[in-house]
Amino acid sequence: MSVAAAQLTPEEIAKRSGSSFLVSFSALPPPRRRALTAIYAFCRVADDAADDAESVRDGQQRVAFWRDELARAEQGQPQTAVGEGLAAAIADYRVEPRHLRAVLDGVQMDLDGVPLSTHSQLLAYCDKVASSVGLACLPVFGAFGAHAERYAVALGRALQLTNIARDLQADAKAGRVYVPSDWLAADGVDAAMLAQPSRDGLKQIAALLDRLVAHARAFFVQARAEVRQVEDPRVLVAPETMAAVYECLLDRVAAHGAAAMRAGKRVRVPRWQKLWLAWRTRRRLR
């Protein structure tokens with residue numbers, strides 16, 4: 001079996017990723033942290049199945065492998081360390097595999113390369129690759145009910161739109177544009193401009209970024225409204241930490257995004273600031 005990540009543990013996959021999400025896990029008890037790490041690792045290898053594939057066929061085979069492994073984990077018969085972690089999360093916290101299957105459906109959309117035409121199609125994509133992750137994690141956090149579910153959907157959309165705004169140039173260079181074509185047309189932007197921004201095109205790119213930032217901020221606002229209605233918001237310290245880090249990232253994209261693209265730089269949040277935001281979020285929710 002040629003899927004290299006299948007030989008790694010969830011902890012190894014998480015450590016290699018260096019993701020901002022990992023800062024948020026540190027406040028959780030070890031059993032919940034292990035379950036979340038398994039979910040994160042599964043989503044990471046699913047995403048990498050498209051990003052690291054040598055061809056569309058290779059990517060499809062990798063997605064098929066992880067789809068089969070998810071089914072095996074659901075049946076209590078996993079073949080990989082990631083699958084074992086998922087099987088434990090499903091058994092111990094009743095994580096719903098359907099949400100993780102939705103993540104794979106989103107990865108398949110990446111492989112199919114079908115462009116997004118409208119805002120509603122963009123949100124449907126965000127719901128598959130991001131909001132579904134949050135919905136899968138809710139029982140691990142110990143958050144239940146309609147407000148928690150609406151929180152997961154809104155926050156997932158906010159996080160994914162932030163990622164799209166930050167990665168406009170890198171995605172365009174890889175042949176992927178997640179901005180709906182009607183937005184591109186409205187702002188006079190095309191994929192070539194995003195991949196290699198010129199001085200003359202910065203104004204249009206800045207307008208497109210402003211549009212993305214505004215939509216992401218609206219979903220952060222929705223998420224904050226829902227989290228206040230959750231029975232015990234303290235259980236959501238991990239996703240609230242993610243929200244704090246990503247809102248900071250969104251502010252940086254809003255301030256420097258177009259200029260950073262022109263300079264070929266990726267906007268980031270320094271590690272010290274991530275740790276400070278994590279500390280502040282824990283104090284707020286105590």
Exercise for the section: Please list, chain by chain and in numerical order, all residues satisfying ring pair (Phe, Tyr, Trp, His ring centres under 6.0 Å) with Phe219, sequence neighbours excluded. Expected result: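 Scan of Phe219 (ring pair (Phe, Tyr, Trp, His ring centres under 6.0 Å), adjacent residues dropped) gives none.
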Not counting sequence neighbours, which residues clear side-chain contact (heavy atoms from CB on, under 4.5 Å) with [X]? List them please.
| X | answer |
| --- | --- |
| Glu96 | Arg98, His99 |
| Arg286 | Arg283 |
| Val140 | Arg32, Ala35, Leu36, Ile39, Tyr93, Val95 |
| Glu84 | Pro78 |

What side-chain donor-acceptor pairs closer than 3.5 Å can you find for residues 227-240, not counting sequence neighbours?
{"from": "Asp232", "atom 1": "OD1", "to": "Arg234", "atom 2": "N", "distance (Å)": "3.2"}
{"from": "Asp232", "atom 1": "OD1", "to": "Arg234", "atom 2": "NE", "distance (Å)": "2.9"}
{"from": "Asp232", "atom 1": "OD2", "to": "Arg234", "atom 2": "NH2", "distance (Å)": "3.4"}
{"from": "Glu240", "atom 1": "OE1", "to": "Arg284", "atom 2": "NH2", "distance (Å)": "3.1"}
{"from": "Glu240", "atom 1": "OE2", "to": "Tyr151", "atom 2": "OH", "distance (Å)": "2.7"}

Practice task
Mind jotting down which residue pairs meet the side chain to side chain donor-acceptor pair (under 3.5 Å) criterion with at least one end in residues 122-138? Sequence neighbours excluded, please.
Solution key: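 Found Asp110-Tyr125, Asp127-Ser131, Asp127-Arg157.
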Exercise for the section: Could you name each residue pair satisfying side chain to side chain donor-acceptor pair (under 3.5 Å) that touches residues 180-191, not counting sequence neighbours? Expected result: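 Checked against side chain to side chain donor-acceptor pair (under 3.5 Å) - neighbours excluded - the pairs reaching residues 180-191 are Asp187-Arg211.
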Handout entry: Under 3.5 Å: donor-acceptor pair, side chain of Asp58, backbone of Glu54
Key =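 The answer is yes, because a donor-acceptor pair under 3.5 Å joins these two groups.
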Problem - Glu12 side-chain N/O to Thr9 backbone N/O, donor-acceptor pair under 3.5 Å - result: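 At least one qualifying donor-acceptor pair exists.
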Practice task
Apply the test side-chain contact (heavy atoms from CB on, under 4.5 Å) to residues Leu122 and Thr118: give CA-CA distance (whole Å), side-chain angles for both, the deciding distance (0.1 Å), then the verdict.
Solution key: CA-CA 6 Å; Leu122 170 61; Thr118 64; over 6 Å; no
Exercise for the section: Group every Ile, Leu, Val, Met, Phe, Trp and Tyr by side-chain heavy-atom contacts under 4.5 Å, then state whether Val63 and Met109 land in the same group. Expected result: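 Cluster IDs for Val63 and Met109 match.
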Exercise for the section: Group every Ile, Leu, Val, Met, Phe, Trp and Tyr by side-chain heavy-atom contacts under 4.5 Å, then state whether Leu104 and Leu111 land in the same group. Expected result: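 Yes; Leu111 is reachable from Leu104 via cluster members.
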Practice task
Compute both the distance and the angle, then confirm whether Arg166 meets the cation-pi test with Tyr178: under 6.0 Å from the six-membered ring centre, within 45 degrees of the axis.
Solution key: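 The answer is no; the distance or angle limit is not met.
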Handout entry: Sequence-distant partners of Asp112, side-chain hydrogen bond (donor to acceptor under 3.5 Å, both in side chains), two or more places apart
Key =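 In terms of side-chain hydrogen bond (donor to acceptor under 3.5 Å, both in side chains), with neighbours along the sequence ignored, Asp112 is linked to Gln108.
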Handout entry: salt bridge (Lys or Arg N to Asp or Glu O under 4.0 Å) partners of Arg282, counting only residues at least two apart
Key =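 In terms of salt bridge (Lys or Arg N to Asp or Glu O under 4.0 Å), with neighbours along the sequence ignored, Arg282 is linked to no residue.
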Practice task
Could you tell me which residues satisfy salt bridge (Lys or Arg N to Asp or Glu O under 4.0 Å) with Arg101, sequence neighbours excluded, listed by chain and number?
Solution key: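 Listed in chain order: Glu74.
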Practice task
Kindly indicate whether the side chain of Leu100, heavy atoms from C-beta on, has any atom under 4.5 Å from the side chain of Val133.
Solution key: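 Leu100 does not reach Val133 side chain to side chain.
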Using distance only, find each side-chain donor-acceptor pair of residues 254-265 under 3.5 Å and give its atom names and separation, not counting sequence neighbours.
{"from": "Arg262", "atom 1": "NH1", "to": "Pro197", "atom 2": "O", "distance (Å)": "3.1"}

